[in-house]
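To start, the structure under review is shown below, and the notes come after it.
The figures that follow rest on heavy atoms only: side chains count, while hydrogens, waters and symmetry mates do not. Residue numbers start from 1 in every chain, and the chains themselves are labelled A, B, ... in the order their sequence lines are given, proteins ahead of strands.
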Number of protein chains: 2
Amino acid sequence: MDNRKFEKISKALSDASRLSILQQFKKKQDCVYCTEVHDLLDLAQPSISHHLKQLVDAGLLIPEKEGRNLKYTLNETVLDDYITSLQRLKL
Amino acid sequence: MDNRKFEKISKALSDASRLSILQQFKKKQDCVYCTEVHDLLDLAQPSISHHLKQLVDAGLLIPEKEGRNLKYTLNETVLDDYITSLQRLKL
DNA sequence: TCTAAATATCTAAATGTTTCAATTAATAAG
DNA sequence: CTTATTAATTGAAACATTTAGATATTTAGA
């Protein structure tokens, strides 16, 4: 993973709202819907859209359209690649 | 590790200059001096001071005074804790 | 003590991020 | 086709971060 991608993922992980979204996946054990995120966070709809976009752009979430709804799954591969890059920082 | 600490570390990792600083530890295999960072990055001295402060505040670097110089060591424990938190995000 | 070197702090400009109201786009259901 | 629902986009305000110049602090050495 190059430095730009690493920075982008780090930035995506550096916000309380986005961290809550990611932690929601653990609770749901599968996928998370856009609407659920709206219930989870006390933020206006465009703000949620913005945060989800950042997580998708970083590659951490995979979006999938289901009619009018939007379903997200966690991309564990990207998370693993990020962890590998962190391990490499160690001496 | 609580979410605030996680966010702080993520933010510290989300900048090109700070990432370069951390990668310098790999090259040096031990510690890094403030002066070396000044040579490494094409930034004014106060900017470097600012970046190093953020890495120290996040707990990633441990500062140690050596006369007029400042020596930094990488805190691998914090890095490991951060990695553990990331692992926990996985399903 | 005086000077030079290394680092920190203060201040301000430039830039980036977060947030929401308003609007738009897409789709499902009647 | 019309309406309601879900999500994205636009535009702007509030806030935070990055950067550097000027200045202050600390310490080493003459």
Acceptor/donor pairs from residues 30-43 of chain A side chains to any protein atom, 3.5 angstrom cut, sequence neighbours excluded:
| unit_1 | atom_1 | unit_2 | atom_2 | d |
| --- | --- | --- | --- | --- |
| A/Tyr33 | OH | A/Glu66 | OE1 | 2.8 |
| A/Glu36 | OE1 | A/Lys28 | NZ | 2.7 |
| A/Glu36 | OE2 | A/Lys28 | NZ | 3.1 |
| A/Glu36 | OE2 | A/Tyr33 | N | 3.0 |

Starting at CG of A/Leu86, measure out to CG of B/Leu22 and round the result to the nearest 0.5 Å.
->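 The CG atom of A/Leu86 sits 9.5 Å away from the CG atom of B/Leu22.
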Between atom CG of B/Asp57 and atom CG of B/Leu52, what is the distance when rounded to the nearest 0.5 Å?
->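 Rounded to the nearest 0.5 Å, the CG-CG separation comes out at 11.0 Å.
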Within a strict 4.5 Å, meaning less than it, do heavy atoms of the B/Leu13 and A/Lys11 side chains meet?
-> no
Looking at side-chain heavy atoms only, is the closest gap between B/Ser49 and B/Gln45 below 4.5 Å?
-> yes
Give every residue pair that meets the ring pair (Phe, Tyr, Trp, His ring centres under 6.0 Å) criterion with at least one member in residues 51-91 of chain A, sequence neighbours excluded.
->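 Found A/Phe6-A/Tyr82.
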Within residues 7-28 of chain A or reaching into it, pairs that qualify as ring pair (Phe, Tyr, Trp, His ring centres under 6.0 Å) - sequence neighbours excluded =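 Sorted pair list comes back empty.
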Give the angle between the helix axes at the two ends of the helix from C/dT1-D/dA30 to C/dG30-D/dC1, taking five base pairs at each end and rounding to 10°.
-> 20°
Would you say the side-chain atoms of B/Gln54 and B/Asp15 include a donor-acceptor pair closer than 3.5 Å?
->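 Distance-only check fails for B/Gln54 and B/Asp15.
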When you look at A/Thr73 and A/Leu61, which way does the side chain to side chain contact (heavy atoms under 4.5 Å, CB included) test go after all the steps?
-> CA-CA 6 Å; A/Thr73 47; A/Leu61 297 188; over 6 Å; no
Contact list for DNA chain D against residues 46-71 of chain B - heavy-atom distance below 4.0 Å =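 B/Pro46, B/Ser47, B/His50, B/His51, B/Gln54, B/Lys65, B/Gly67, B/Arg68, in order of number.
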The correct set of residues in residues 1-38 of chain B placing a heavy atom under 4.0 Å from DNA chain D is B/Lys11, B/Asp15, B/Arg18
With distance as the sole test, does A/Arg88 use its side chain to make a donor-acceptor pair with the main-chain N or O of A/Ile83 at under 3.5 Å?
->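 It does not hold such a pair.
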Spell out yes or no: do the side chain of A/Gln45 and the base of D/dA8 have one donor N/O and one acceptor N/O closer than 3.5 Å?
->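 Looking at the base of D/dA8, it does pair with a donor or acceptor on the side chain of A/Gln45 (distance under 3.5 Å).
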